[in-house]
Amino acid sequence: QMQLVESGGGLVQPGGSLRLSCAASGFTLDGFSLDYYTIAWFRQAPGKEREGVSCISRLVGSTYYADSVKGRFTISRDNAKNTVYLQMNSLKLEDTAVYYCGLKTGVGCTLAPSGMNVWGKGTLVTVSS
């Protein structure tokens, strides 16, 4: 079974930066590789539904960003470490949320929470002055 663990959340001032990590582990017949999956970052602010932030799949350039974070956030992966990162720059108060990573089979990038098969438990990002 697949397992995702997020880390890197914390308290940051507006305009600051933070890097989140999503470590993936599990078993496949051919051995685990992020190339077989799409991994995406989501966030959920208090009183709001979970929304997609960014996704990445195996193809170079196969990334997508929500309009609210485009130009500020960058998603990347390190296959050797089975880890996906979300570099967040120029953070705003409205970025405050619990950030989750999700995984689905296949290489089609999506920001739809319903498409994810596996979820991490989340890491809290608080942007406050």
In Å and rounded to the nearest 0.5 Å, what is the [atom1] to [atom2] distance from [X] to [Y]?
X: F42; Y: L86; atom1: CZ; atom2: CG; result: 11.5 Å
X: Y37; Y: L4; atom1: OH; atom2: CG; result: 10.5 Å
X: C55; Y: I39; atom1: SG; atom2: CD1; result: 11.0 Å
X: M88; Y: S17; atom1: CE; atom2: OG; result: 8.5 Å

I would like to know whether N117 and T105 meet side-chain contact (heavy atoms from CB on, under 4.5 Å); could you show each step before the answer? CA-CA 8 Å; N117 305 122; T105 57; 4.0 Å; yes
Working note: V118 + Q3, criterion side-chain contact (heavy atoms from CB on, under 4.5 Å); need CA distance, chi angles, decisive distance, verdict. CA-CA 7 Å; V118 182; Q3 182 176 332; 5.9 Å; no
Taking the side chain as everything from C-beta on, heavy atoms only, tell me whether [X] gets closer than 4.5 Å to [Y].
X: I75; Y: V84; answer: yes
X: V125; Y: T96; answer: no
X: S7; Y: T123; answer: no

Any side-chain donor near an acceptor of the partner, Y85 and R19, under 3.5 Å: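 No, no side-chain donor-acceptor contact under 3.5 Å.
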Looking only at side-chain N and O atoms, does T83 offer a donor or acceptor that is under 3.5 Å from a partner on D78?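 T83 and D78 do not have a side-chain donor-acceptor pair below 3.5 Å.
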How far apart are the closest heavy atoms of [X] and [Y], and which atoms are they?
X: R43; Y: D95; answer: NH1-OD1, 2.9 Å
X: Y64; Y: L111; answer: CD2-CD1, 3.2 Å
X: L103; Y: M2; answer: CD1-CE, 3.5 Å
X: S57; Y: C109; answer: N-SG, 4.4 Å
X: Y65; Y: T63; answer: CE1-OG1, 4.0 Å
X: V69; Y: V53; answer: CG2-O, 3.7 Å

E94 atom CD: more than 12 heavy-atom contacts under 6.0 Å: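 Buried by this count: over 12 neighbours within 6.0 Å.
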Say whether [X] and [Y] are linked into one hydrophobic cluster, either directly or through other cluster members, by side-chain heavy-atom distances under 4.5 angstrom.
X: L20; Y: V127; result: yes
X: L93; Y: L18; result: yes
X: W41; Y: W119; result: no

Verdict with reasoning, T38 to I56, per side-chain contact (heavy atoms from CB on, under 4.5 Å): CA-CA 6 Å; T38 293; I56 188 168; over 6 Å; no
Just by modelled atom types, is the Q44 backbone N or O under 3.5 Å from a matching donor or acceptor in the R50 side chain?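 Absent.
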Under a 3.5 Å distance rule, please check whether E6 uses its side chain to pair with a backbone N or O of K121 as donor and acceptor.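 Checking the backbone N and O of K121 against the side chain of E6, a donor-acceptor pair under 3.5 Å is found.
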If the threshold is 4.0 Å, N to carboxylate O, is there a salt bridge linking K70 and D67?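 Yes, charged N to carboxylate O under 4.0 Å.
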